[in-house]
Amino acid sequence: DQQVKQNSPSLSVQEGRISILNCDYTNSMFDYFLWYKKYPAEGPTFLISISSIKDKNEDGRFTVFLNKSAKHLSLHIVPSQPGDSAVYFCAASKDNYGQNFVFGPGTRLSVLP
Amino acid sequence: NAGVMQNPRHLVRRRGQEARLRCSPMKGHSHVYWYRQLPEEGLKFMVYLQKENIIDESGMPKERFSAEFPKEGPSILRIQQVVRGDSAAYFCASSRPSGNFDEQFFGPGTRLTVL
């Protein structure tokens with residue numbers, strides 16, 4: 001039973017436009033959410049996080065939105081750049097301890113020049 | 001300042017052989033986490049270690065898998081008598097003792113293929 005779902009395996013976006021990556025979860029106890037970016041042949045790199053006390057967190061071109069009632073979060077990248085092409089994982093946990101995070105299967109983003 | 005290092009990057013084993021995966025944490029990091037990523041799935045936590053101590057192994061399969069992080073040298077994930085289902089990418093991450101997830105740094109992974 002997947003507790004964290006990313007229903008779009010892949011997404012293609014034109015350079016300069018907005019990329020929206022979605023993530024849904026089933027466990028209402030989750031309070032901490034992370035997004036990771038992964039390039040081929042590299043390990044995941046932490047991108048941005050949000051806790052349940054907020055509904056939005058912004059860091060430069062990256063914004064994460066959290067809708068707790070819908071158990072849904074999304075990552076917005078604007079404007080999208082070719083270097084953003086990667087696999088994006090969302091992860092969720094009841095606390096902020098590393099070993100407790102549950103990862104989604106990832107969405108492969110391709111930003112076309 | 002070198003990042004987290006894993007070797008080998010690719011490992012091919014036949015069914016029944018042993019696989020040893022190594023992880024050298026970042027300088028100053030004393031905690032190591034191992035994760036497994038099966039095809040088309042997200043990363044799944046396996047084990048969390050500090051030097052000479054296993055803190056949490058709730059994600060480790062009960063048989064054939066073991067992990068250690070000795071006082072000197074890298075952390076090692078050992079898989080005995082590998083089966084085809086063990087084929088996956090194995091990532092380790094390291095951190096300072098705080099344990100917060102956004103302070104972990106991942107290595108490039110070891111891709112294990114079992115023939």
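To find a chain, count down the sequence lines: A is the first, B the second, and so on, and within it residues start at 1. Small disclaimer: the values here were computed from a predicted structure and weren't measured.
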Task: Contacts with chain A made by residues 107-115 of chain B (heavy-atom distance under 4.5 Å), listed by residue number - done: B:Gly107, B:Pro108
Task: Ring geometry between B:Tyr35 and B:Phe106 (parallel below 30°, tilted from 30 to 60°, perpendicular above 60°) - done: tilted
- [ ] Say whether A:Asn100 and A:Ser93, considering side chains only, have a donor N or O and an acceptor N or O under 3.5 Å apart.
- [x] no
Open item on the list: What I want to find out is whether B:Arg20 reaches B:Glu18 closely enough, with some N-O distance under 4.0 Å, to be called a salt bridge.
Closed with: yes
Task: Contacts with chain A made by residues 40-47 of chain B (heavy-atom distance under 4.5 Å), listed by residue number - done: B:Glu40, B:Glu41, B:Gly42, B:Leu43, B:Phe45
Task: Distance flag, aromatic centroids of A:His76 and A:Phe62, threshold under 6.0 Å - done: no
TODO: Taking atom types as modelled, find out whether A:Ser19 and A:Ser80 have a side-chain donor-acceptor pair closer than 3.5 angstrom.
DONE: yes
Task: Cationic N near anionic O, under 4.0 Å, B:Arg15 to B:Asp86 - done: no
Open item on the list: What I want to check is whether the side chains of A:Lys38 and A:Tyr36 have a donor and an acceptor closer together than 3.5 Å.
Closed with: no
Task: Under 4.5 Å from any heavy atom of chain A - which part of B:Gln37 - done: side chain
Open item on the list: Other residues, nucleotides and ligands only: do more than 12 of their heavy atoms fall within 6.0 Å of CD on B:Gln81?
Closed with: no
Open item on the list: My understanding is that only one of B:Tyr48, B:Phe105, B:Phe69 makes a ring pair (Phe, Tyr, Trp, His ring centres under 6.0 Å) with B:His31; could you say which?
Closed with: B:Tyr48
